[in-house]
Amino acid sequence: MKNPLAVAMILLSLAGTAAAVEPDEMLKDPAQEARAENIGRQLRCPVCKTESIEESDADFTKDLRRVVREQVADGKSDREILDFMHARYGDFILLRPPFKPSTWALWLAPPALLIIGGLFAFFVTRRRPAMVEPAPLTPSEQAALEALK
Amino acid sequence: MRRLIFATPILVFVGLVVYFATPLLRGTDPSLIPSPLIDKPVPTFDLPPLPGYPKGLSSTELKGQVQIVNIFASWCIPCRAEAPVLMALAQNTHVPIRGIDQKDRPEDALEYLKELGDPYTSIGMDSDRHVSIDWGAYGAPETFIVDAEGRIRYKQAAPLTQADIQDTILPLLEKLGAK
């Protein structure tokens, strides 16, 4: 513990994104609460758009979390709850959108760009001439080197 | 071949400009979420009335004629801007405007209606947002047009302006055969 600041920074970086779920929202059964959190993390907040509903502080999202928890407590499966939200809010609500024509670009662009970039790098480096061996020392350079020893 | 290599970045750039400029110039708002409920029947619900009102709002009333459903709340600032537009619409057409009062305290809602006018044929109180979520709402105000068969035909997740009424709402109501 030489540098308390560094330790604090590392610990902070491990904290990740904080959940916005307040204690009074949580289900009493920890296993059910964990399931609800897992479902909530797959659902995008329609108000703030860049967070999951577990992370969002928006008032509306609080009610979406409550609906998820009510359905978990009612014994609905993960799939049923995600389908419930999908039927009301469309693909937008799913942080992992389904693979279909309108999302092809979304799913395929990263691997396609990686392949194109990889091929480009491969051909550019291959075309570059191999490293040239340095010319051997001339007799005068050799003599100067010997003099230094 | 060499020319092609030099032309590629320019072509990609032009493509991106067209792709991003189109929605900008068309005025499409990317923050609006397309609703999967368009052309689907309205969700089944039954909401209680505000205190002092004879009845609330249930899905059975959303059949038989073209109607407008408007989600509002007293805490919602854009709703206040929308209120006069709804009042004018209620005075100029015979299309019922049904209100869903979202997560409101009854006394606040009554005060709001007293202050800004009440354009609604009937109002249901959605105090815990269950029904708003069934409508795929994510805030207030939101406006839906429901046809005579009780199907949702249009949704606007933003306050209605006079321009929206003229350009979108009235033509659509007419197309759907509203009287």
Side-chain angles (χ1 to χ4, degrees), chain A residues 24-25 39-40 43-53 56-71 73-74 76 81-95 97-98 100-106 109 112-113 116-117 119-124 127, chain B residues 1-2 4-6 8-9 11-12 15-16 19-20 23 28-45 71-79 100-105 125-142 144 152 155 157-158:
Chain A
D24 63 336
E25 293 179 44
I39 295 165
L43 292 169
R44 180 168 164 193
C45 162
V47 185
C48 23
K49 294 167 170 93
T50 54
E51 294 173 309
S52 79
I53 65 166
S56 166
D57 268 326
D59 188 53
F60 201 101
T61 318
K62 201 171 168 165
D63 289 304
L64 287 173
R65 282 201 292 271
R66 199 200 60 235
V67 167
V68 168
R69 277 159 178 76
E70 281 168 2
Q71 298 198 0
D74 280 352
K76 294 265 169 62
I81 299 171
L82 291 175
D83 285 347
F84 173 93
M85 291 295 178
H86 186 242
R88 283 156 182 74
Y89 293 97
D91 291 343
F92 181 93
I93 195 90
L94 302 175
L95 279 170
K100 59 187 205 180
S102 63
T103 59
W104 281 352
L106 183 71
L113 287 175
I116 293 169
L119 287 175
F120 183 76
F122 176 74
F123 284 114
V124 164
R127 247 203 333 226
Chain B
M1 182 64 194
R2 253 199 123 63
L4 189 70
I5 288 176
F6 285 116
T8 305
L11 289 176
V12 169
L16 286 175
Y19 181 76
F20 289 118
T28 320
D29 184 348
S31 69
L32 297 180
I33 306 170
S35 175
L37 295 172
I38 300 299
D39 294 335
K40 301 263 168 63
V42 296
T44 307
F45 67 93
I71 298 181
F72 73 100
S74 69
W75 47 261
C76 151
I77 305 299
C79 297
I100 295 178
D101 181 22
Q102 186 189 86
K103 201 144 195 184
D104 224 347
R105 284 192 307 208
M125 284 188 51
D126 182 23
S127 41
D128 62 3
R129 286 208 176 103
H130 255 123
V131 172
S132 292
I133 289 172
D134 283 341
W135 282 79
Y138 51 94
E142 293 199 5
F144 300 82
I152 299 172
K155 167 179 179 176

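These numbers come from a predicted model, not from an experiment. Every heavy atom of this structure was used, including side-chain atoms; hydrogens, water molecules and symmetry mates were not. So you know, we letter chains A, B, ... as the sequences are listed, proteins then strands, and number each from 1.
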Pick one of side chain, backbone, both or neither for B/Lys40, based on which atoms fall under 4.5 Å of a heavy atom in chain A. neither
Using non-hydrogen atoms and a 4.5 Å limit, figure out which bit of B/Pro34 sits close to chain A: side chain, backbone, both or neither. backbone
I'd like to know if A/Glu25 and A/Arg66 make a salt bridge, using a cut-off of under 4.0 Å between side-chain N and carboxylate O. no
Pair count under 4.5 Å, heavy atoms only, with chain B: among A/Gly90, A/Pro46, A/Cys45, A/Ala87, highest is A/Pro46
Identify which part of A/Ile93 has an atom lying under 4.5 Å from any heavy atom of chain B, answering side chain, backbone, both or neither. neither
Closest approach of B/Val42 to B/Trp135 (non-hydrogen atoms, all atoms of both residues): CG1-CH2, 3.6 Å
Any idea which heavy atoms bring B/Ser132 and B/Ile100 closest together, and the distance? OG-CG2, 4.4 Å
Apply salt bridge (Lys or Arg N to Asp or Glu O under 4.0 Å) to the pair A/Arg88 and B/Asp134, showing each step before the final yes or no. CA-CA 6 Å; A/Arg88 283 156 182 74; B/Asp134 283 341; 2.9 Å; yes
Top contributor to chain B interface from A/Thr61, A/Asp59, A/Val47 [non-hydrogen pairs under 4.5 Å]: A/Asp59
Using side chain to side chain contact (heavy atoms under 4.5 Å, CB included) as the criterion, point out the one residue from A/Leu64, A/Ile53, A/Ile39 that pairs with A/Met85. A/Leu64
